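Some notes on the structure that comes next.
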Amino acid sequence: MARVAAVDDAAWESPWRQRPVGTRVFLSFALVLAALLMPAWPGCALVAGGSLGLMLGPARIRASLVAVVTVPPIAFIAVGVLPLAVQVGGTPFLSLAPDGGARALGVLAHGVAGTLALLLLVTTTTMVDLLAWCRRLGVPAPLVEIAALMYRLVFVLLSTAVAVQRAQQARLVADAPLPQRMRFAAAAVGTTLLRTWDRASRLQRGLELRGYEEDLPTLPRVVA
Amino acid sequence: MHIAEGMLPPLHCAAWFAASAPFVIHGASAVIRTSRENPENKLLLAAAGAFTLVLSALKLPSVTGSSSHPTGTGLGAVLFGPPVMAFLGTLVLVFQAVLLAHGGLTTLGANAFSMAIVGPWVGYGTYRALRALRSPAWLQVGCALALANLATYAVTSAQLAIAYPDPATGFGGALAKFGALFAVTQVPLALAEGVLGVLVFGFLTRA
Amino acid sequence: MLAAEHVTVAYPGGPAVLKGASIRLPRRKVALLGANGSGKSTLLQTLAGAVRPAGGSVLLDGTPLVHSRAGLRGHRRRVQLVLQDPDDQLFSADVRQDVSFGPLNLGLAEAEAAARVDETLAQLGIAHLAARPTHHLSYGERKRVALAGAVAMRPDHLLLDEPTAGLDPEGVHELLVALDGLDSAILLATHHVAFALAWADEVAVVVDGQVRQGPVSLLGDADLLAAARLHRPWPLELAARLGLAGTPRHLDDVTALLEAR
Amino acid sequence: MLAAEHVTVAYPGGPAVLKGASIRLPRRKVALLGANGSGKSTLLQTLAGAVRPAGGSVLLDGTPLVHSRAGLRGHRRRVQLVLQDPDDQLFSADVRQDVSFGPLNLGLAEAEAAARVDETLAQLGIAHLAARPTHHLSYGERKRVALAGAVAMRPDHLLLDEPTAGLDPEGVHELLVALDGLDSAILLATHHVAFALAWADEVAVVVDGQVRQGPVSLLGDADLLAAARLHRPWPLELAARLGLAGTPRHLDDVTALLEAR
């Protein structure tokens, strides 16, 4: 969960925030496309190296952050490519596929390079900037507004969810037998859900006091 | 269950985008309509999206000892209907990609198809079918959530199998391989989500 | 002038919270005092137009508020309520954007709204927060930004629900300095009696669904405060015990009185 | 005795919140004072085992806390933290069920847990709330129930984060009566200096990521309080201004001192 805040924090503090969003999206997307279209070697290695270099160099993203956010997806990709190494049917039923290892490694390389290229975008670009960019590209206002409200509520709810879980831990939820723990987890989810609803209706009333009727206009962010 | 950035060949990415787009656009126009009718819906939908995202980050006790994450798309489909969920689920996927580097943008079409379209429709269909059969409410909710989760997993396995067919047995063999691999985590998770859904439902009816 | 006349409010299924409460808000600093659950917040919501009273009326310059869309829109341009929990009013990801909502909603052009936002942030001493993400702000900072959101609309009347709750002494001090720079009439709900005594020009005490309004010396009325489930503020309590004359409002007054004895 | 020795805590990517803070909690009433953002809450979380310090250690009867599952389990049986926002701690449909959560997890049989719950509710003066749904309670009631949830675990050490925040004077009074009936050591975080002076046996002030602990007369140290972004409590300020000897802790003390003059 700390990862949500970690990527977002990096994006807010990114020295690249002052550059046009379109440029960053284009750069990252070009790298992703390169990762998809070029052969694993040397293409993906170049993309991965380039993305990492840009993140750790000019974008000044901490290496520990890059490690924290890349390890889970890369682990998932690594597991996901295992089936590529083997083939089924025939005798024996399960066997190493011819070139299977190379194929799996190739897809792994595409995945890792693509993930790093995506990470370059998300560690340098906040959700807010992306939403403002979408708005300028003509995405309808209500959709962008829902996404913006969702972004705000995520952080409000996150602290609630974390606090509820901590409070359960403090009262020794881990010592309960599994069926009880499931029930307590349901209570945590249910409590969070009720508070989500409560938060939403309170924000609705709070915004009405500020004059909210249909739209939520705000100034665009100033790019200094 | 998300397919990571870079894991699908470009043509597949494009095809899944094309497959998802009509549903997501239809959902988006439904969302625009309901939020024009009643501005409160904007807050509700945003809250539902935020809740789904936060829920996917909550740890659940699990049988295997590792933590597992509920997806919540089945619940959303029951509450808001599958069209709205097509948009909202996609939005959650975008947030996961942007805030967590979880999933990806080129694989968004494929992930939306499994998590925001097929999952919710299966969940909703199950819910409606069991309701028509006058089964108890807890069973409707539990099955809707569990089957939505399972359907998502099945579609993801199929998407990977189409992209990477088995050299010997083609799509069928690949589907079996991916299915078996992910079944280890996804089947208990789907069951856990179903049970959790029943318990949450119980909690909410008491509260 | 904003006023409520004999307003009655009951929540569905509950007993009446306000039973013919009247209050007027001249261009001064008025503290609204009451225990938790006394109806303070309900009265503020009623004055702001968010709650429609079952009886009585809310008057702005003598004209009764009509709870139509147009009536409320006009009312909100002049009367702004800042809620206790800032998370109930902050919706935007960054401070500047959030504060700009009110001005843009008033129909100001972007350049004008931007100037208004900058001016408001400077006025409240939070210009340095302009580009910060809302979720990185401390509780006290969020309270200040929520206040800025209301102040940016330049209301004649500013209603504040427990603005000092949860703030540390420095935070309270900074808030008061910021409020002193505004020229709206201010109605501030609190249950800190000593704070109200020191700050307000006038006090209004909610008792039994009604309001007793008057000069701050009202807070020396032990019976009234007991009925309101509040305590007499310490300067007045001390003055009463020692038989000091006058209405000492804070430490300086008390010191002066005692030294003169 | 619960203690922290030279603990250092920093949040990822941020500066250190605690920089070698030490505090000990003997079997007394200790008030933990500090401005917003001073690290009070972080220190409480650290003492409770919820935050793992980067340096230093938390000691229970001289034994360092090990942040393993077993270590934390043992710690939590003896040290309980009550958060500021009661809604973070109440997650059951009704009060009795919520308070029984901890005792059941301690492994008590149902009958025993039920007895424990009833006893705790009676002790805190909220037996009448037992069957009420949690979401129908007032804020003050919810705070009391959240406290009951911790007290029902019979911890030796009770850590309270701003338990008086948001309570009106009567609510604070009721809370204090309830706390006086307990026999745990209590560490109470607050930024109400006058309240701490009146209530505590000992005070601990958070300054610059460290802690200064001592008798309540410490709150007369103007330099210390200024460094902590706090103000000297009014009884001590008044005593200092008038040159009164002693450490008057509340209105009665002040009155007595002045009458004796």
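Bear in mind that the values here come from a model prediction, so they are computed numbers and not experimental data. Within every chain, numbering begins at 1; the chains are lettered A, B, ... in the order of the sequence lines, protein sequences first and strands thereafter.
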Contacts of residues 211-236 of chain D with chain C (heavy atom under 4.5 Å): D:R229, D:L230, D:H231, D:W234
Smallest separation among heavy atoms of C:H191 and D:L167, with atom names: NE2-O, 3.2 Å
More than 12 heavy atoms from other groups under 6.0 Å of CG on D:D208: no
Most contacts with chain C, counted as non-hydrogen pairs under 4.5 angstrom, among D:A35, D:A194, D:S38, D:A165: D:A35
Residues 239-253 of chain D: residues contacting chain C (heavy atom under 4.5 Å, by number): D:R241, D:L242, D:L251, D:D252
Contacting region of D:H173 [heavy-atom separation from chain C under 4.5 Å]: neither
Nearest non-hydrogen partners of D:D168 and C:N36, listed with the distance: OD2-N, 2.7 Å
Best-contacting candidate, C:L238, C:V254, C:V193, against chain D by heavy atom pairs under 4.5 angstrom: C:L238
Heavy-atom pairs under 4.5 Å with chain C, option from D:G166, D:G34, D:S138 with the top count: D:G166
